[in-house]
Participant: 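For reference, the structure I am asking about is given below.
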There are 2 protein chains.
Amino acid sequence: MTASIKDVARAAGVSPATVSRALGKGPVSEALRAQVMEAVRVTGYRPNLAARRLRSQESGTIGLILADIGNPFFTGVARAVEAAAYEAGLRVLLCNTDEDPEREASYLALMQEERVTGLILAPTRATADRLAEAPPAMPVVLIDRPGPAGLFDSVLLDNAAASAALVDHLVAQGYRRIAGLFGQTSGTGVERAEGYRATMARHGLAPSWRFVPPQAEAAEAGFAALSREGQPEAVLASNSLLLMGTLQAVRAKGLRIPADLALAGFDNEPWTGLVEPGVTVIEQPLAEIGRQAMALLFERLRAPDAPVRKVMLSGRAILRGSTAPRRVLASML
Amino acid sequence: MTASIKDVARAAGVSPATVSRALGKGPVSEALRAQVMEAVRVTGYRPNLAARRLRSQESGTIGLILADIGNPFFTGVARAVEAAAYEAGLRVLLCNTDEDPEREASYLALMQEERVTGLILAPTRATADRLAEAPPAMPVVLIDRPGPAGLFDSVLLDNAAASAALVDHLVAQGYRRIAGLFGQTSGTGVERAEGYRATMARHGLAPSWRFVPPQAEAAEAGFAALSREGQPEAVLASNSLLLMGTLQAVRAKGLRIPADLALAGFDNEPWTGLVEPGVTVIEQPLAEIGRQAMALLFERLRAPDAPVRKVMLSGRAILRGSTAPRRVLASML
DNA sequence: ATGGCGACTGGGAACGATTTCATTCAACCC
DNA sequence: GGGTTGAATGAAATCGTTCCCAGTCGCCAT
């Protein structure tokens, strides 16, 4: 229906090859170039990307598969990735799996069919495993979540250290019965849980934890379950959704923070600073994660056989009122 | 590099046409179909979408251009759109403009070049105007923001009514000096401002308002400016970012809500219920907006010449503590 | 037996761009 | 002036599919 390069060629009185060169970078005389531009204007020509990709055998697109487009962590990363891609003249094909391994698999297939140049991926644990058996045909960079060891470039947070920092902080503030809620679909949840467990052990404290689906409602239920095992003095939540769910549960039960329960978690979302008291969190360097992922991808495209790299970034603890020093007397009244 | 349909054909001992039919819906004997499937497995064949699209002249993709991927309003809509598209066997090409008309134009061009089947768009005011002059080649459905009257199908909130409801509520609660902060990039901001202005006039109250860029920092500055014109008793913010910025400013100044300042706005984001007191908001039917947009798009594809339709949805007021009745005595102490 | 029909299959022409290769033509050097 | 160079242009092949068209084959009715 719409004009093709032949229509433009006819309108300009030149061959299709010349039109292609005039629009691309080939050598074309100024006169003809002007004629072509005019013909493009007249015909309303827009290049057909499908045809271009088919012929040139490159998509000019990188794929980005995220677990949850509603999670500000991922949207932050997506922004950075898109900015870097835009700068490099690449498009981003963004897909959202909602933590569903089936959709993840379907999007992985899609990425192959689109012949994307590279792929940035935050895999669920299920997919991380499968990735080793059937590696995609294009370069892959994993973000946020670990994959099969040593197979893919990756950008990760030092989750164990971050968890340890939170536990250390809580202990220093006088809390002992520290419970943990961790996301069960991601390797990240596992790492954070492990950091929590190890640090609790180091302090000689007994851990009390649960893996739950990464949804606020699940966190509410998880918190209720933890409470039944013995009321904790503090709760550590491994992502912002779980943190929010916990806070909702706390509000519903009418508990005071931090007098009845201290709270700490991950991701410095705006609301964590708006509630009162503010919630202590580990802030992740979202933009840096996105930038590094793109950088790794470009490196890999340039040198396909270079050794696999793993970029480990550190979170920054933002201490707020939710983890104020424990006042034993007040809580005993 | 990767296997093509010819490779599969060779491996299966049939013609490419037969492979195509075996994978599609054409009539193929069971025996050959099995052979083909086996050959697909062996060769690791994945269809090339660029080639398929070129030949079949349809992209199987709908475009979705949003102003701000970080805004939960848009991610909510995007989810619903994607779900509906998935059900219809279509892909979604999601693009984020960050309210930048230039990027909007560039993505509009991209959508043409991708030959998307249809387009769902939340235009800035600048783009809404340009849309009339150079209408895209494919069906367009506008969401959230009005465009050139009568040209495109659209799904909109009854913004004037929503603003009116908030103002009426504030007045009923005893507030008089009600200020407004509205987003300047969207037609939605204009409509909400107009609803605010009209309703204030109906109550015989003097409006005090500002249009600001849709960012939290801009809202802080805008609030400061409004305060200089005379301390308001209540503030109405036309979207969640402005609402958040206003709340940040309020916290920074140490004002109490609602004693020193009542607060109301748009979008029922989780944090509006988590802060204390909770913030009164208009909840928008995100999923319904997405569903309706897809429904309009499908209708349009089926009947390209049907009259233009405009679906007007209503918001739901969620009343919380931030607009509790004004206690004159308390505030005078 | 013949014709017709239906189901299946292969050949080959598209789809719209890019790119190789050959051709033209003007300018230039000795 | 003839041969050489180089830039500009066009013809045609090509990318991987789909799909129209024609052909084959078995089967059934006449």
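Owing to the predicted nature of the structure, the values given are computational and were not obtained by experimental measurement. Every chain is numbered from 1, with letters handed out A, B, ... down the list of sequences.
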Participant: Between the protein and nucleotides 19-21 of chain C, are there any N/O to N/O pairs under 3.5 Å, and if so, what are the atom names and distances?
Facilitator:
residue: C:dT19; atom: O4'; partner: A:Arg55; partner atom: NH2; Å: 3.1

Participant: Using a strict heavy-atom distance below 4.0 Å, which residues from residues 43-53 of chain A are in contact with DNA chain C?
Facilitator: A:Tyr45, A:Arg46, A:Pro47, A:Asn48, A:Ala51, A:Arg52
Participant: Measure from CD on A:Glu58 to C1' on C:dA17 and round the result to the nearest Å.
Facilitator: 13 Å
Participant: Given atom CZ of A:Arg115 and atom C1' of D:dT17, what is their separation to the nearest angstrom?
Facilitator: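 It is 11 Å, rounded to the nearest whole Å.
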Participant: Is the phosphate of C:dG16 approached by B:Gln57 (side-chain N or O, under 4.0 Å from OP1 or OP2)?
Facilitator: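 Yes.
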Participant: Is there a side-chain contact between B:Thr61 and B:Arg53 in this structure, where contact means two heavy atoms from C-beta onward sitting under 4.5 Å apart?
Facilitator: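 A side-chain contact under 4.5 Å exists here.
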Participant: Between A:Ser4 and C:dG16, does any side-chain N or O lie under 4.0 Å from OP1 or OP2?
Facilitator: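 Negative; the distance criterion is not met.
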Participant: Among B:Arg52, B:Arg91, B:Arg46, which residue satisfies the salt bridge (charged side-chain N to carboxylate O under 4.0 Å, His left out) criterion with A:Glu113?
Facilitator: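 Between A:Glu113 and the candidates, salt bridge (charged side-chain N to carboxylate O under 4.0 Å, His left out) is satisfied uniquely by B:Arg46.
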Participant: Is the shortest side-chain heavy-atom distance between B:Phe152 and B:Val141 below 4.5 Å?
Facilitator: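 Not in contact.
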Participant: Could you state the atom-to-atom distance from CZ of A:Arg10 to P of C:dA17 in whole Å?
Facilitator: 12 Å
Participant: Just wondering, do B:Tyr107 and B:Asn96 contact through their side chains at under 4.5 Å, heavy atoms?
Facilitator: no
Participant: Return the residues of residues 24-34 of chain A meeting this criterion: a heavy atom under 4.0 Å from some atom of DNA chain D. Order them by number, or give none.
Facilitator: A:Pro27, A:Val28, A:Ser29, A:Leu32
Participant: Just by distance, no angles: are the side chains of A:Glu99 and A:Thr124 close enough, under 3.5 Å, to form a donor-acceptor pair?
Facilitator: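 Per modelled atom types, A:Glu99 and A:Thr124 side chains form no pair under 3.5 Å.
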Participant: In this structure, how many angstroms lie between the P atom of D:dG10 and the NZ atom of A:Lys6, rounded?
Facilitator: 15 Å
Participant: Checking side-chain contact (heavy atoms from CB on, under 4.5 Å) between A:Leu142 and each of A:Val155, A:Ile120, A:Leu119, A:Leu131, which is the one that passes?
Facilitator: A:Leu131
Participant: What's the verdict on side chain to side chain contact (heavy atoms under 4.5 Å, CB included) for A:Glu114 and A:Ser59, showing C-alpha distance, side-chain angles and the deciding distance?
Facilitator: CA-CA 7 Å; A:Glu114 292 276 7; A:Ser59 62; 5.9 Å; no
Participant: What is the distance from CG of A:Leu54 to P of C:dT18, rounded to the nearest Å?
Facilitator: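 Taking CG of A:Leu54 and P of C:dT18, I get 11 Å after rounding.
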Participant: If we only count heavy atoms from C-beta on, is the A:Ile69 to B:Arg79 side-chain gap below 4.5 Å?
Facilitator: yes
Participant: Given B:Pro16, which of B:Val8, B:Ile5, B:Asp7 fulfils the side-chain contact (heavy atoms from CB on, under 4.5 Å) condition?
Facilitator: B:Ile5
Participant: So, B:Glu104 and B:Thr127: side-chain donor and acceptor under 3.5 Å apart, yes or no?
Facilitator: yes
Participant: Starting from P on D:dT17, measure out to CD1 on B:Ile5 and report it in whole angstrom.
Facilitator: 5 Å
Participant: Yes or no on side chain to side chain contact (heavy atoms under 4.5 Å, CB included) for A:Met111 and A:Ile65, after CA distance, side-chain angles and deciding distance?
Facilitator: CA-CA 9 Å; A:Met111 293 299 171; A:Ile65 302 184; 3.7 Å; yes
Participant: So, using side chain to side chain contact (heavy atoms under 4.5 Å, CB included) as the criterion, who are the partners of B:Ala287 when residues are at least two apart?
Facilitator: B:Ala80, B:Arg291
Participant: At 10 degrees resolution, what angle do the end axes of the helix from C:dA1-D:dT30 to C:dC30-D:dG1 form when each is taken over five base pairs?
Facilitator: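 Between the axes fitted at each end of the helix from C:dA1-D:dT30 to C:dC30-D:dG1 lies an angle of 50°.
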Participant: Who passes side-chain hydrogen bond (donor to acceptor under 3.5 Å, both in side chains) against A:Arg41, sequence neighbours left out?
Facilitator: A:Glu38
